[in-house]
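Each chain gets a letter, A, B and so on, in the order its sequence line appears, and its residues count up from 1.
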There are 2 protein chains.
Amino acid sequence: MKRRRTQSQAKILNILKSSGSALSHEMLQSELEAEMDRATIYRVLNRFYDDGLVHKVVGDDGIQYFAYCAGCDKPNNKHNHNHFHFKCLKCGNVECLQDKIQIPLPKGYVLKDFNGLISGYCNRCS
Amino acid sequence: MKRRRTQSQAKILNILKSSGSALSHEMLQSELEAEMDRATIYRVLNRFYDDGLVHKVVGDDGIQYFAYCAGCDKPNNKHNHNHFHFKCLKCGNVECLQDKIQIPLPKGYVLKDFNGLISGYCNRCS
DNA sequence: TTTATTAATGCGACTTTGTTGCAAAATTAA
DNA sequence: TTAATTTTGCAACAAAGTCGCATTAATAAA
Ligand SMILES: [Zn+2]
Ligand SMILES: [Zn+2]
Ligand SMILES: [Zn+2]
Ligand SMILES: [Zn+2]
């Protein structure tokens, strides 16, 4: 299944890139001002995710946030998102924390994925 | 508002204690075999959470898992759940990892809450 | 350029997780 | 036993996300 270059995808990718934050479907929708359908946004995001173009964080609220992959480790094209994310309780911004962490696992455990979100107040809001 | 001792709460707390894992609403419901209403389970869990009896983890799937608080730090009665959780992709078990972690934050950031979930295969399933 | 192929979109219906209003039932206190 | 108030059950609701299907649009072939 070969990917095609569509307006929708270009717009969404643009927003993700220029925002520098992890964005939820809702944030994107309001940015796009109903230029495209809800389902399309979800599908585009999932496609980006499958293609390794973005990574995903899930909030305490169960909402998915997608961030453009900038400084991600990619050993043999497999992403390794070993960093925390921070969600500001005041301004709502969700950002990647740059520090790479190492995830400790007991003997016999195999890591497949990691989702780490810190909530609080960012430097602009504290 | 004073709490009352009800059957429902006792049963749910029992299951949480004896399981030793973090349980979702669905897991509890199947364990309880329709002994009580969906909404009641949710309300009991939220009550436990508010009272600091359990803590909560949110999975990549956005589902809430509740774990009985056993070895939690409680400086002046405020919980401090500075540990990761592990969710096995095969057996579905969600457990607290004992290692206490310290969460790194850039200058000017204030931590309020933390949700960290590692997915993979547990020692019994790997 | 025109046509054919098939991926992407829009729309609506649907699922799942969780919450809420309200009357009835169950705890606790008087 | 009675009164006061918390919990529960039920049903309706809300929000996030997914899916089927017909239509549109991007790519490739002719
Ligand atoms: Zn902020
Ligand atoms: Zn990130
Ligand atoms: Zn397992
Ligand atoms: Zn825990």
Completion exercise
Nearest-nucleotide check on DNA chain D, M1(B) vs D61(A); residue mapping nearer the 5' end is M1(B)

Fill in the blank from the handout: the helix from dT1(C)-dA30(D) to dA30(C)-dT1(D): angle between terminal helix axes, five bp per end, to the nearest 10 degrees, reads 30°

Practice task
Kindly say whether R4(B) contributes a backbone atom to a donor-acceptor pair with the side chain of Q9(B) at under 3.5 angstrom?
Solution key: yes

Problem - N/O (side chain, R4(B)) to phosphate O (OP1/OP2, dA26(C)) under 4.0 Å - result: no

Handout entry: Spatial distance of atom CG (D37(B)) from atom CZ (R43(B)) [nearest 0.5 Å]
Key = 7.5 Å

Problem - Residue-phosphate contact under 4.0 Å: Y42(A) side-chain N/O, dG17(D) OP1/OP2 - result: yes

Problem - Y68(A) reachable from F66(A) in the ILVMFWY side-chain graph, under 4.5 Å edges - result: yes

Atom pairs, N/O to N/O, protein against nucleotides 28-30 of chain D, distance under 3.5 Å?
| residue | atom | partner | partner atom | Å |
| --- | --- | --- | --- | --- |
| dA28(D) | OP1 | K2(A) | NZ | 3.1 |

Problem - Side-chain N,O (R3(B)) to OP1/OP2 (dT7(D)) below 4.0 Å - result: yes

Exercise for the section: Could you tell me whether the phosphate oxygens of dA16(D), OP1 or OP2, come under 4.0 Å of any side-chain nitrogen or oxygen in Q64(A)? Expected result: no

Practice task
Tell me which residues in residues 12-29 of chain B put a heavy atom below 4.0 Å from DNA chain D, sorted by number, or none.
Solution key: none

Practice task
Give me the other members of the hydrophobic cluster that M1(B) sits in, counting Ile, Leu, Val, Met, Phe, Trp and Tyr linked by side-chain heavy atoms under 4.5 Å, directly or via other members.
Solution key: none

Practice task
Verify the neighbour count for atom CZ of R5(A): are there more than 12 heavy atoms of other residues, nucleotides or ligands below 6.0 Å?
Solution key: no

Problem - side chain to side chain contact (heavy atoms under 4.5 Å, CB included) partners of S30(B), counting only residues at least two apart - result: none

Practice task
State which residues pass side chain to side chain contact (heavy atoms under 4.5 Å, CB included) with A10(B); sequence neighbours excluded, sorted by chain then number.
Solution key: none

Handout entry: By salt bridge (charged side-chain N to carboxylate O under 4.0 Å, His left out) - contacts of E35(A) (at least two apart)
Key = K11(A)

Practice task
Please list, chain by chain and in numerical order, all residues satisfying salt bridge (charged side-chain N to carboxylate O under 4.0 Å, His left out) with D113(A), sequence neighbours excluded.
Solution key: none

Just the atom pairs and distances: protein N or O near nucleotides 9-12 of chain C's N or O, under 3.5 Å.
| residue | atom | partner | partner atom | Å |
| --- | --- | --- | --- | --- |
| dT9(C) | OP1 | T6(A) | OG1 | 3.0 |
| dT9(C) | OP1 | S8(A) | OG | 3.0 |
| dT9(C) | OP2 | R47(A) | NH2 | 2.5 |
| dG10(C) | OP2 | D37(A) | N | 3.0 |
| dG10(C) | OP2 | T40(A) | OG1 | 2.6 |
| dG10(C) | N7 | R43(A) | NH2 | 3.1 |
| dG10(C) | O6 | R43(A) | NH2 | 2.9 |
| dC11(C) | N4 | R43(A) | NH2 | 3.3 |

Practice task
In whole angstrom, give the distance that lies between atom NZ of K11(B) and atom P of dT8(D).
Solution key: 11 Å

Problem - D51(B) side-chain N/O to L53(B) backbone N/O, donor-acceptor pair under 3.5 Å - result: no

Completion exercise
Sorted by chain and number, sequence neighbours left out, side chain to side chain contact (heavy atoms under 4.5 Å, CB included) with L105(B) holds for F86(A), L97(A), I118(A), Y109(B), L111(B)

Practice task
List in chain and number order the residues that pass side chain to side chain contact (heavy atoms under 4.5 Å, CB included) with L89(B), two or more places apart in sequence or in another chain; answer none if no residue qualifies.
Solution key: K112(A), S119(B), Y121(B)

Handout entry: Residue pairs passing the ring pair (Phe, Tyr, Trp, His ring centres under 6.0 Å) test where at least one lies in residues 33-52 of chain A, sequence neighbours excluded
Key = H25(A)-Y42(A)

